[in-house]
Asker: 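Supplied in structure tokens, the structure appears directly below.
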There are 2 protein chains.
Amino acid sequence: MPDGDQKKPSRIQTRNRLVILDAALNVFSQHGYRGATLDQIASEAGLSKPNILYYFQGKEDIHLTLLSQLMETWLDPLVELDPDGDPQTEILDYVQRKLDMALELPRESRLFAGEILQGAPRMGPHLESDLKPLFDQKCEVIAGWSAAGKIAPINPQHLIFSIWATTQHYADFAAQVTVLLGADTDPYQTASEHLRSMFTAILRNKA
Amino acid sequence: MPDGDQKKPSRIQTRNRLVILDAALNVFSQHGYRGATLDQIASEAGLSKPNILYYFQGKEDIHLTLLSQLMETWLDPLVELDPDGDPQTEILDYVQRKLDMALELPRESRLFAGEILQGAPRMGPHLESDLKPLFDQKCEVIAGWSAAGKIAPINPQHLIFSIWATTQHYADFAAQVTVLLGADTDPYQTASEHLRSMFTAILRNKA
DNA sequence: TCGTGGATTTACCAAATGGTAAAATTTTAT
DNA sequence: ATAAAATTTTACCATTTGGTAAATCCACGA
């Protein structure tokens, strides 16, 4: 009997929890936490509302589960940034990985964006405990490269912000991008080229 | 008797409509359209719920009014980009105006971001009719500068996306920025310098 | 000062919301 | 096959939601 189950989950449990989380990702990423309803999640999951509450303790539990799972995926591209690799390559590859992730997981990107937009009320602690240490660590790596003259002098913190902003923009603001580029245009190719050329210029910059 | 009033508004009307819109901006920008409640808006405005519905036809009317008013303000910095000015100066000044606006009007930035994040269900038409023509026009200006060799070769559409993304990031993701930079650090000065140096590098780029 | 129309409050309402209890059904191990 | 456990459904419930009707209050010009 699930909810706060300790034993290993049955096949049904595993399947239904996945189905519910997938449905919840659709709804939460589209309407935000307060705008999402259990009925909508239930309907999208093809289950009854009480059935959903059999697998999760409540609305907040579902949301929190999604955010926790997402955090790992989300930090992954930054984790892979290798202090011993070639600086230029490492950063450009990081940009590419972030862009790929935004385009492959737009719902996740929007869920994250929505939570931050609302002041991270349910994710503040995760930011402090998971994101900040990694961020600080990688900032030092980039600062080291910068100091050693391997890349242009640059503020590492704001560089990372710029990478996040420009890549996630294509997921979070997809509705706007689509209108402005035309529904037929696929932004991926051009976006990828633009970002590569842009961050190349920044890392080369001599002033 | 207001609501869809035709005659010129009284002092009380003007004041209360402003108070309501300000309160609504707080609530909508923090919780999104569906997550916002009339009770909350009323409470924040210091008025009763029926009193609010005396001035606006309903929740959607308030939201729509906010978005319409916002659109003008939001396009303004781009309107000011002068085709006859010095390209480098014009673009860097545009970046600066966008950053200033994000830091001075964070609620407006978040309201806008939230609406786009949710697929622009109530603003799609405005994007097509107001934003797109201006966007296309300014893209051609930049493309002209690029073709004339006055700035580096660059994709104008994605350049503008990058400007929007990097500047609005400081308003929309303020919760994250605050955690990562430390609550005591004021991001404005460093962000401004970073963005100026970054976009300078891009516009100078020879490849 | 008094009437009139604008402004506000009180008292509601139907629908939707997150959630629960318990009965009914299905799965699983024996 | 059958009992026990896991799963799902049915029938609710209290609260909140957007919104309305009507009574009341109040400002202000004649």
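What you see below is based on every heavy atom in this structure, not just the backbone, and it leaves out hydrogens, waters and symmetry mates. Letters A, B, ... mirror the listed sequences (proteins, then strands); counts begin at 1.
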Asker: From the options D:dT9, C:dT8, C:dA7, select the nucleotide whose nearest atom is closest to the side chain of B:Gln13.
Answerer: C:dA7
Asker: Would you say the side chains of A:Gln88 and A:Thr200 form a donor-acceptor pair under 3.5 Å?
Answerer: no
Asker: If the sugar-phosphate is the primed atoms plus P, OP1 and OP2 and the base is the rest, what is the B/S/- string for nucleotides 14-21 of chain C, using protein heavy atoms under 4.0 Å?
Answerer: ---SBBB-
Asker: For C:dT8, take OP1 and OP2 only and decide whether either is under 4.0 Å from a side-chain N or O of B:Ser48.
Answerer: no
Asker: Can you tell me how far P of C:dG5 sits from OH of B:Tyr54, to the nearest Å?
Answerer: 12 Å
Asker: Evaluate whether atom CD of B:Gln69 has more than 12 neighbouring non-hydrogen atoms of other residues, nucleotides or ligands under 6.0 angstrom away.
Answerer: yes
Asker: In plain terms, say whether A:Arg97 and A:Asp93 are close enough for a salt bridge, that is, a side-chain N and a carboxylate O under 4.0 Å apart.
Answerer: no
Asker: Taking the six-membered ring where the residue is Trp, are the ring centres of A:Phe135 and A:Phe161 under 6.0 Å apart?
Answerer: yes
Asker: Just how far, in rounded Å, is P of C:dT26 from CG of A:Asn51?
Answerer: 13 Å
Asker: Check the distance between D:dG19's C1' and B:Ile52's CD1 and give it to me in whole angstrom.
Answerer: 13 Å
Asker: For B:Glu140, does the CD atom have more than 12 heavy-atom neighbours from other residues, nucleotides or ligands under 6.0 Å away?
Answerer: no
Asker: Please report whether the ring centroid of B:His63 lies less than 6.0 Å from that of B:Phe56.
Answerer: no
Asker: Whole-Å distance between D:dT7 P and A:Phe56 CZ?
Answerer: 13 Å
